[in-house]
Each structure stands twice: as C-alpha cells, then as structure tokens.
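Worksheet: one structure, shown below.
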Protein chains: 2
Amino acid sequence: MSKKDRKAREKERRRNQIIDAAERVIFSKSLEQATMDEIAEEAELSKGTLYLYFENKTDLYIAITQRGSDLLNSKFAKVFSGAHDHTGLELIRMMGETYLNFVEEHPNYFTAFMYYESISNVEVLGDSKYAKQCDQNRHEALNFMIRALQIGMQDGSVDDRYEPKELATIIFASTRGLTAMTHASGRGHYFELLDEMEVGMSTLFENFLNLLVEGMASKKELKDMENSSK
Amino acid sequence: MSKKDRKAREKERRRNQIIDAAERVIFSKSLEQATMDEIAEEAELSKGTLYLYFENKTDLYIAITQRGSDLLNSKFAKVFSGAHDHTGLELIRMMGETYLNFVEEHPNYFTAFMYYESISNVEVLGDSKYAKQCDQNRHEALNFMIRALQIGMQDGSVDDRYEPKELATIIFASTRGLTAMTHASGRGHYFELLDEMEVGMSTLFENFLNLLVEGMASKKELKDMENSSK
DNA sequence: TCACTTTCTGACTGATAGTCATTTTTAATG
DNA sequence: CATTAAAAATGACTATCAGTCAGAAAGTGA
C-alpha cells in the first residue's frame with residue numbers, strides 16, 4: 001500500500017517539477033513564445049516526458065492556472081479566518097483588496113486566468129482536472145462572498161433587500177473588471193486613460209469599493225458612516 | 001489625382017474583402033483553429049496576397065477587432081445623439097445596456113476584444129494602425145461616459161462630489177467585468193454559478209446598474225426615486 | 001506592341017506541437 | 001546477485017502551419 005503511495009508522491013513531485021519549469025519559461029516570455037522543448041530543457045527532461053504528465057501545452061498551462069487559482073483562494077480563506085473581528089461589509093472590502101494585491105503581486109497568474117476564461121468553448125478543455133479545480137475555486141470564492149454578504153445582513157452592515165447570491169455575483173464580476181484593468185495597465189494597455197488621471201489604480205479601486213459600499217450599505221450603516229466622518 | 005484615389009479605394013476594398021473572409025473563417029472556428037490558407041481560400045486569393053495587406057495573422061485579427069470596436073462606438077454615439085431627452089444618470093444606464101446588448105449580439109467581436117487586451121506586452125502590437133484605432137475608440141468611449149457624468153452633475157442626477165474621470169473609469173471597468181461574465185457564460189463558463197440563480201444575466205446587469213446608481217446618485221435624486229416608488 | 005509597374009501567386013522554408021518505437025531505470029523474485 | 005517484467009524516459013520523426021520570395025500575371029501608358 002505505502003509502496004503505491006510513494007510512487008504516487010514521486011509522480012506528483014515530477015509533475016510539480018515540470019510545472020515549476022513551465023512557469024519559469026512561460027512567465028519569462030509568454031505562452032506563445034515558450035516552446036515545449038525549452039520547458040523540457042528547463043525541467044531537465046525530454047519533451048516526450050512532458051506528454052506523459054500533461055495532455056498538451058494548454059493542459060500544462062491550465063495546471064499553472066490552477067496553482068494561481070489555489071493561491072488566490074488560500075488568500076481569500078485567510079481573510080475569513082479572522083471573520084469574527086469584522087463586519088460583513090468589511091469582509092467584502094478586504095476580499096476586494098486581496099484580489100487587487102494578488103493581481104499586483106502575481107500578474108503572471110492573472111494573465112493565466114484571463115487566458116483560461118478566454119477559451120472560447122469549454123469543450124476544448126475536455127475533462128481536465130486542472131480546469132475542474134479552477135472552476136471549483138471560482139465557485140468557492142463566490143461562496144466566500146455570499147457568506148460575507150450574509151454576515152453583513154446579519155450584522156446590519158449590508159442592506160438586506162438584496163439577494164446575496166445575486167449581489168455576490170455582481171460584486172465578483174465588477175471587481176474582476178477593475179482588477180483586469182489594473183492588470184492591463186501594468187502591461188502597457190490603457191496607458192492614455194490612466195496617465196491623464198493623477199490617481200493610481202489602488203486609489204481608483206478604493207473609490208470603486210466605496211461606490212459599491214454606498215450602493216449596498218444599509219441606510220443605518222450609511223447614517224453611521226456619515227456621523228463618524230463628521 | 002483621382003487615379004490615385006481610385007487605386008486607394010480599390011486597395012481598401014480588397015482589404016475589407018480579406019477581413020470579411022477572415023471573420024467568416026475565424027468566427028466559425030476560433031483564432032487558433034483558423035489557418036491563413038483557409039482564410040485565403042475563403043477570400044479567393046492566395047496566401048501570399050494576405051501578407052501584402054496585413055503584417056501577420058495577429059494584425060489581421062486586430063483589424064477585425066477594430067471593426068467591432070468601431071461598431072460598438074457607433075452605438076455609443078447613437079445613445080448620445082438623443083442626449084437632450086435624458087438625464088446624465090439615464091445616459092450612463094443606456095450606455096451600459098448598449099454594451100450588454102453588444103456582447104449578446106456580437107459575441108465574436110467581444111472575444112476579439114478580450115484577445116486584444118490579453119496581449120501581454122503592447123510591443124507585440126508594434127505600430128499597428130488597427131490597434132491605434134482600437135485604443136482611440138476606447139478613449140472615446142470613456143469620454144462619452146465622462147460627458148454623461150458631467151451632464152448628470154449639471155442636471156443633479158449624479159452626485160458632484162465625485163471626480164468625473166475617475167468615476168467614469170470605474171464604471172467603465174466594472175461594466176466590462178459584467179459584460180465579460182455575460183460573454184463567458186454564453187460560452188459555457190461560469191455555468192455552475194449562474195445556473196443556480198434563476199435570474200439571467202440581463203436581470204443581474206440591471207441590478208448592477210441599480211447598485212451603481214445608488215452609489216453615485218445625488219442624495220436629492222435618491223429622495224426623488226424613493227418618493228416616486230411609493 | 002513594348003516597357004515598366006503593380007499585384008498576385010504558390011511552392012518553399014523554418015519552427016514547433018505532438019507521437020511512438022526504442023532504450024533506460026526501477027522493482028520484484030528466486 | 002542475476003533475471004525479468006513493468007514503468008519511466010527518450011529523442012528522432014511527422015504533420016501542420018505561419019510567413020517568404022522569386023517569378024508569373026495583370027494593369028498602365030506611350
């Protein structure tokens with residue numbers, strides 16, 4: 001039994017070694033410019049071996065995507081580990097900040113996320129377990145957000161006339177839009193737009209969160225905020 | 001002189017004929033699956049000729065992207081042609097709806113937008129005139145939004161403690177996030193998330209706009225809305 | 001008709017994703 | 001330790017396709 005286990009562990013280590021090498025090569029260039037031969041050399045293996053562990057180049061890249069997805073979710077989880085000290089509204093804000101930090105610290109993983117979602121028809125993915133885990137993570141992230149909203153409705157920080165699932169989906173998607181812009185601007189896009197404003201992405205993001213918060217905060221909470229700012 | 005003009009016009013027609021063919025082929029499959037040989041055949045030209053009109057495959061795809069971008073902007077412009085009958089806040093809402101409709105009617109163009117923004121470093125684009133026009137259009141779209149906000153601040157429908165440029169950028173990016181989700185769900189992504197909710201993307205989008213509107217509406221406007229709903 | 005320019009062609013090249021028959025390594029058995 | 005079977009790894013090979021370029025065809029003007 002443990003023999004099999006060891007085998008499985010070694011196989012897993014090999015797999016990770018390949019993903020490590022692939023990250024180094026692909027992140028230093030780009031998916032298109034990186035070749036499987038290069039990745040094989042970086043991993044100190046032959047090309048054929050890569051194909052023993054991954055269906056094809058895309059599959060390998062999705063394995064990288066999954067790593068990023070796992071990492072992001074672990075950060076979300078950390079936010080919730082201290083959930084008791086915060087209102088639901090604060091948790092939402094913290095999740096947003098976590099996301100923005102992630103994009104700034106791990107732009108290459110975010111690039112991978114974008115590639116993943118750009119895959120035009122899901123059939124291309126086949127039944128990739130990496131893709132499944134990514135979808136699973138996304139689902140979990142949304143659940144975190146739903147939970148935060150429910151907490152907020154309990155503690156009175158979020159207006160309870162909203163449907164938590166719906167609101168969570170909206171926040172999720174719009175936050176994603178902001179992070180995508182942050183990411184793109186870091187790659188040279190949107191230069192003209194953001195350059196004209198003296199504010200950086202993080203200020204912009206802060207204002208975005210404030211805007212959302214004003215929209216979804218309960219009337220009571222708003223009154224509190226108004227008072228405390230005076 | 002007019003000789004040269006005619007020549008230029010014919011060249012332009014050829015170019016469009018190629019883009020037409022490329023759209024048919026690429027939209028029916030995907031960028032990666034479409035080959036230049038196929039596109040050439042569809043255009044009833046030889047492959048070599050394609051390269052007289054476009055730098056490379058990406059350049060050709062960006063020409064398609066520009067078409068989509070032009071189309072979207074013309075729709076935005078139409079919203080503004082009747083600007084006098086609407087408040088600034090209404091214009092913002094109409095722009096959002098226009099965007100969502102566009103994604104639903106022209107998903108292939110939106111796919112192209114996503115590809116364009118996913119280009120990891122802008123140097124790849126070189127000095128493509130198509131890319132320049134896309135950036136120009138994006139800039140113009142943002143200006144439409146800024147204008148709508150300014151109108152809204154004038155007519156009292158938008159809270160004037162916001163900075164129009166900043167707010168426009170935020171709305172722009174977050175709306176983009178929602179449309180991206182709409183697009184992705186149409187391609188089979190996010191299935192699990194959206195399936196659980198009985199609401200469709202357009203309802204979700206409507207609620208998103210309401211949320212934004214509440215966040216950015218002036219207090220006066222909110223009071224009006226409250227009264228009228230009673 | 002000739003000479004010159006512009007446009008077009010398609011066979012060719014180079015790069016690279018993916019394959020598979022063969023070799024090497026590992027592990028188990030007597 | 002020697003033998004053998006299974007598992008893992010290899011790298012030469014194939015197929016595909018983006019991009020090229022020398023030469024053909026079409027257009028233009030005298």
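By convention in this document, chain letters (A, B, ...) are assigned in the order of the sequence lines, proteins followed by strands, and residues within each chain are numbered from 1.
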Residue pair A:I62 / A:K132, side-chain heavy-atom distance below 4.5 Å: no

Can you list, pair by pair, the side-chain donor-acceptor contacts under 3.5 Å of residues 171-180 of chain A, counting residues two or more places apart and other chains?
| from | atom 1 | to | atom 2 | distance (Å) |
| --- | --- | --- | --- | --- |
| A:S174 | OG | A:I170 | O | 2.9 |
| A:S174 | OG | A:I171 | O | 3.3 |
| A:T175 | OG1 | A:I171 | O | 2.6 |
| A:R176 | NH1 | A:Y99 | OH | 3.0 |
| A:T179 | OG1 | A:T175 | O | 3.2 |
| A:T179 | OG1 | A:R176 | O | 2.7 |

Please give, in whole Å, the distance from D:dG27 P to B:R14 CZ? 10 Å

Looking at every strand, decide which applies to B:L52 at a 4.0 Å heavy-atom threshold: base, sugar-phosphate, or nothing. base

Without decimals, in angstroms, what is the distance between B:R15 CZ and C:dC8 C1'? 16 Å

Test of understanding: with ring-ring contact (aromatic ring centres under 6.0 Å, His included), list the residues that count as partners of B:Y53, not counting sequence neighbours. none

Can you sort out the partners of A:D37 under salt bridge (charged side-chain N to carboxylate O under 4.0 Å, His left out), two or more places apart, ordered by chain and number? A:K47

From NZ of A:K11 across to C1' of D:dA7 the rounded distance in Å is 8 Å

B:S46: which residues meet the side chain to side chain donor-acceptor pair (under 3.5 Å) condition with it, sequence neighbours left out? B:T49

Residues forming a salt bridge (charged side-chain N to carboxylate O under 4.0 Å, His left out) with B:E105, sequence neighbours excluded: none

Which angle, rounded to 10°, do you find between the first-five-pair axis and the last-five-pair axis of the helix from C:dT1-D:dA30 to C:dG30-D:dC1? 10°

What integer distance in Å separates B:R13:CZ from C:dT7:P? 14 Å

By salt bridge (charged side-chain N to carboxylate O under 4.0 Å, His left out) - contacts of B:R24 (at least two apart): B:E42

Using side-chain heavy atoms (C-beta onward) and a distance below 4.5 Å, is B:T65 in contact with B:F113? yes

Quick tally for nucleotides 18-24 of chain D: nucleotides whose base has a protein heavy atom under 4.0 Å get B, sugar-phosphate-only ones S, the rest -, giving BBB----

Name every residue in residues 16-23 of chain A that has at least one heavy atom under 4.0 Å from any atom of DNA chain D, in order of residue number, or write none if there are no such residues. none

Sorted by chain and number, sequence neighbours left out, ring-ring contact (aromatic ring centres under 6.0 Å, His included) with B:Y61 holds for B:Y115

For A:R93, all residues meeting salt bridge (charged side-chain N to carboxylate O under 4.0 Å, His left out), sequence neighbours excluded: A:E206

B:Y109: what forms a ring-ring contact (aromatic ring centres under 6.0 Å, His included) with it, not counting sequence neighbours? B:F27, B:H106

Please report, rounded to the nearest Å, how far the C1' atom of D:dC17 is from the OH atom of B:Y61. 18 Å

Between A:L50 and B:Q33, which has a closest nucleotide on DNA chain D that is more 5'? A:L50

Starting at atom CG of A:D59, determine the distance to atom P of C:dA17, rounded to an integer number of angstrom. 15 Å

What does A:F54 touch in the nucleic acid at a heavy-atom separation under 4.0 angstrom: a base, only the sugar-phosphate, or nothing? nothing

Separation of atom OH in B:Y53 from atom C1' in C:dT9, rounded to whole Å: 13 Å

Taking atom C1' of C:dC8 as reference, at what distance in whole Å does atom CD of B:E44 sit? 14 Å

